[in-house]
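Remarks on the structure that follows.
Proteins get letters first, then strands, A, B, ... in listed order; numbering begins at 1 in each. These numbers were taken from a predicted model, which means no experiment stands behind them.
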Amino acid sequence: MARYTPAEIEARWQEAWSRDEIFKAVRTADKPKYYVLEMFPYPSGRIHMGHVRNYTMGDVIARYKLATGHNVLHPMGWDAFGMPAENAAMAIGGHPKDWTYGNIKDMRDQMKPLGLSIDWSREFATCDPEYYGQQQALFLDFLEAGLVYRKNAQVNWDPVDMTVLANEQVIDGKGWRSGAEVERRELTQWFFKISDMAGELKDALDGLENWPAKVRLMQENWIGESRGIEIPFQRTDGDGTILCYSTRPDTMRGASFIAVSPDHPVSKALEGSNPELTAFIEDCRKMDTTEAAMEKAEKKGIDTGLRVKHPVYEGVELPVWIGNFVLMDYGTGAVFGCPAHDQRDLDFARKYDLPVRNAFYMPGDETEVGTEALVPAKTEKVVYIDHFTGITEATSQQGIDATIDYFEANNRGTGQTKYRLRDWGLSRQRYWGCPIPVVHCDACGVVPEKKENLPIELPYDVSFDVPGNPLDRHPTWRDVACPACGKPAKRETDTMDTFVDSSWYFARFTAPDAKTPTDIEDAAYWMNVDQYIGGIEHAILHLLYSRYFARAMRITGHLPQGTEEPFDALFTQGMVTHEIYQTRDEKGRAVYHLPEDVTDGKLADGTEVEIIPSAKMSKSKKNVVDPVNIISAYGADTARWFVLSDSPPERDVEWTAAGAEAAFKHLTRVWNLCDRIGAMDKTAKGEGDQDLLRAMHGCIHDVTIGIESFGFNAAIAKLYAFTATLQKSKASHAAQREAVMTLAQLMSPMTPHLAEDIWAHQGGDGLIATAPWPKADEAMLVSDTVTLPIQVNGKRRAEITVPADMPKEEVEKAALADQAVIRTLDGASPKKIIVVPGRIVNVVV
RNA sequence: GCCCGCGUGGUGGAAUGGUAGACACAGGAGACUUAAAAUCUCCAGGCAGCAAUGCCGUGCCGGUUCGAGUCCGGCCGCGGGUACCA
């Protein structure tokens, strides 16, 4: 008997696919198109199991769609700009470009043995000048269309390394390399005006029916639409007004202070006038720029000494404070504090001894607020105290609406819909990114580069021995003639956020060699992405930016109408996790060990390891399994089968050596099965042909539904069961051959090489990859009897098998006649009998 | 802090509001074998019981329902995101 030898089989079929170019995507009118895309990888140098899982899922969909008669586009590329390349250059020398392209080559070599149905002719990396040059062209068009602008924004500044730090590089407020206390610094930076589209980006979420509800909800909350009011508060010193934004103007009776951001013009004007205040503002500048750090930090403030008039109550004055919790980017950078009805304001008021005054009570309970703010749901009725609009008992929402109406009618404020979403800052003070194609000229100001000069390529001759952006220090790259006046000028040295690169790559795949960012006809044919697959960690930023970019590209004529939402369906898959093996060194510090060095909980020298529950595979914890090792030990089909089999795709999957071994054993069983059927007596009469074919059609039905609904693990469970049925079958050769060929087809999206081999063994026509997907015969799926569980008061007590079409009354009778039911009822007469046809009977007493 | 998600046997997990634990791993028993490996067959949530069977059981507390792992409210734990990681 021959043996299952994946190494040999897999190489052979991969060659056959590539020879016939069956995965090459060509526009055609005779088939419906299908664009399946997995989020492209960052070229770190090694593929990991997360990649294998992601690309295998996409491959299952792509191969299934190919078999169901679609013209499939399934491309692959590299998200190749980013910090790690510069970090590597600093740590080990070398050049980010060489490091990146070397990694791409390595990863492509590791990926190809997986047998993915990718059209490799469309491959590109975002660091290819052909790609980022087109990105620069997009930028210039966005600039012309008013979609990009410059403004000041804060960055993390490392005063020792004299460089801008990413949030990730700030650890406990200190620079990761220098250890210096990080400061905030203001720089002029480029921004995409995404906030202009906030309302549309929010409203369009409703149309994304094939996106996970959780992602739509996260995006909606992120955009954060709120209806409120802007109210100018008159300064008592006569020096104008302070404009506050509030979503709870109905609580204005309880207002006891105004808080402005440390970056607010009022704060800036006062800075330097008073040492205490100056020190406070400086202290605020030492905070991380992250939202999490701001929110978790202790709420602090300082009285500016300024006072404003209460907009409604004559003679009431409110102190103006600077609060470290007020964001300049949200609303107007100034709020009024109402301690009674906001917990943060209450904590602040108690800390600084500011008045706490209720604006309303709950009906029938006139207790003043103590340590807990009174914040009922906006739909709940409250009793307003002495409200200037005259309302008394009303819901908070009614109170808010009435207040806004009152202020607008009296010209004292304007109702505003605001969004939490901020404009997208794209400037990065780094080398390894797409250069922003503008020039700074003393005479002309900011001048866009001419399109014929694109791409503005990164210079290769840079060094990373000193921190900071080497483009700033480059002797010649910076110096250019102004594109407008021709006089000496300086090129912008900031590069673009890598999220820009990944916000339109899906469109570029439709025409990767076009001399413009896209080819409108190719885009019209291939867009939208029918199925997008990637990690949940991208639920907000990457997906929101891509949605914005599709709109901006549509406005600037780079995408056709109807592509505003570029991803018709989205699937977010879970991570691949593994146990962590740890020992301690003599100082008690954790030492991690690779899974291949641990057997039965022990190292080679017998030392016991501590086992820490599964976590996302990461190099630092050494809980990584290299797909390359798995493929060389068991073959790609085993790796593919395992990552799909054990967990629902949206959840994390734990990699276990035993699981991989089991997957391999199963594939061997299937291969042996094919071998046995091939050797059968072709003329002998068999037994149970009908039963086998019935099971086969059931399997076709279940697996098809499983694949279409991303229930890969459930589909695989059905395939296990059907394999067991086939193994035990005594049916004729013809029936068994049909069954094993169908089994191969149903497995082919998951284990394409093994499936091809079985297909060829059994004399199938052509390649299984292009054979039409089997269809379940409906007549074979229905059964004439049905087994119903019988509950008494919701507890299962018995089951009966009855004809499938038995009328309800007969089913009731049959249920009540059952011995176990009679015993349980013990003479009691049923009050009600619920018969759910084909499902269950519940007898209620 | 805030937003989102998840929590089911020894383990990964299955279950359109309708028999909780499919399928698989690990485990146990047996067959084959001189033996082992491989392969095959069977058993298997917990407690009690020879068994029939009974009781308990989907993180915790409460609710809706004839019926809740599933829906609702409140907690606890873990994970993702938090705008310069990708």
Selected nucleotide, minimal atom distance to A:Arg651 side chain, candidates B:G1, B:G13, B:G18: B:G13
Name the pairing partner of B:U33, where a pair is Watson-Crick or G-U wobble with both distances under 3.5 Å, or state none. none
When you compare the side chain of A:His542 with that of A:Phe499, does any pair of heavy atoms fall below 4.5 Å? yes
Report all interatomic pairs (protein N or O, nucleotide N or O of nucleotides 66-76 of chain B) with separations under 3.5 Å.
{"unit_1": "B:C66", "atom_1": "O2'", "unit_2": "A:Asn842", "atom_2": "ND2", "d": "3.2"}
{"unit_1": "B:C66", "atom_1": "O2", "unit_2": "A:Asn842", "atom_2": "ND2", "d": "2.6"}

Does A:Lys214 reach a base, just sugar-phosphate, or nothing at all? Heavy atoms under 4.0 Å. sugar-phosphate
Whole-Å distance, A:Arg53 CZ to B:G12 C1', equals 11 Å
As a test of reading the structure: which of B:C84, B:G1, B:G18 is closest to the side chain of A:Lys296, going by heavy atoms? B:G1
I want to verify a distance call: between B:U39, B:A86, B:A14, whose nearest atom is closest to the A:Pro84 side chain? B:A86
Throw together a table of side-chain donor-acceptor distances under 3.5 angstrom for residues 718-728 of chain A, partners on residues two or more places apart or in other chains.
{"unit_1": "A:Tyr720", "atom_1": "OH", "unit_2": "A:Trp641", "atom_2": "NE1", "d": "3.3"}
{"unit_1": "A:Thr723", "atom_1": "OG1", "unit_2": "A:Leu719", "atom_2": "O", "d": "2.6"}
{"unit_1": "A:Thr725", "atom_1": "OG1", "unit_2": "A:Ala721", "atom_2": "O", "d": "3.0"}

Rounded to whole Å, how long is the line connecting atom CD of A:Glu537 with atom P of B:A83? 16 Å
Does the ring centre of A:Tyr505 sit less than 6.0 Å away from the ring centre of A:Trp78? no
Rounded to whole Å, how long is the line connecting atom CD1 of A:Ile540 with atom P of B:A83? 10 Å
With the side chain defined as heavy atoms from C-beta on, A:Leu541 is closest, among B:G18, B:A86, B:G1, to B:A86
Does the B:C84 base have a donor-acceptor partner in the side chain of A:Arg430 within less than 3.5 Å? yes
Has the side chain of A:Gln343 got a donor or acceptor atom that lies under 3.5 Å from a matching backbone atom of A:Ala373? yes
Let's test your reading of the model: under 3.5 Å, does the base of B:G5 pair with the side chain of A:Glu650 as donor and acceptor? no
Just checking A:Phe549 against A:Phe192, ring centres under 6.0 Å apart? yes
For A:Gln154, which contact category applies under a 4.0 Å heavy-atom criterion: base, sugar-phosphate, or nothing? nothing
What does the B/S/- profile of nucleotides 41-57 of chain B look like, 5' to 3', with a 4.0 Å heavy-atom cutoff to protein? S------------SSS-
Could you work out the separation of B:G81 and B:G45 based on their P atoms and round it to a whole Å? 39 Å
Check step by step if ring pair (Phe, Tyr, Trp, His ring centres under 6.0 Å) holds for A:Phe642 and A:Tyr634. CA-CA 11 Å; A:Phe642 178 72; A:Tyr634 301 112; 9.9 Å; no
Considering heavy-atom distances to RNA chain B, does A:Arg796 or A:Met83 have its closest nucleotide positioned more toward the 5' end? A:Arg796
Under the ring pair (Phe, Tyr, Trp, His ring centres under 6.0 Å) rule, what do A:Phe348 and A:Phe325 come out as? Steps first, then yes or no, please. CA-CA 10 Å; A:Phe348 191 78; A:Phe325 53 88; 5.2 Å; yes
Under 4.0 Å, heavy atoms only, any strand: does A:His666 hit a base, just the sugar-phosphate, or nothing? nothing
Please name the residue in the list A:Glu220, A:Glu291, A:Glu225 that meets the salt bridge (charged side-chain N to carboxylate O under 4.0 Å, His left out) test with A:Arg420. A:Glu291
Separation of the P atoms in B:A68 and B:C55, to the nearest angstrom: 16 Å
Report yes if some heavy atom in the side chain of A:Val843 is under 4.5 Å from a heavy atom in the side chain of A:Thr824; otherwise report no. no
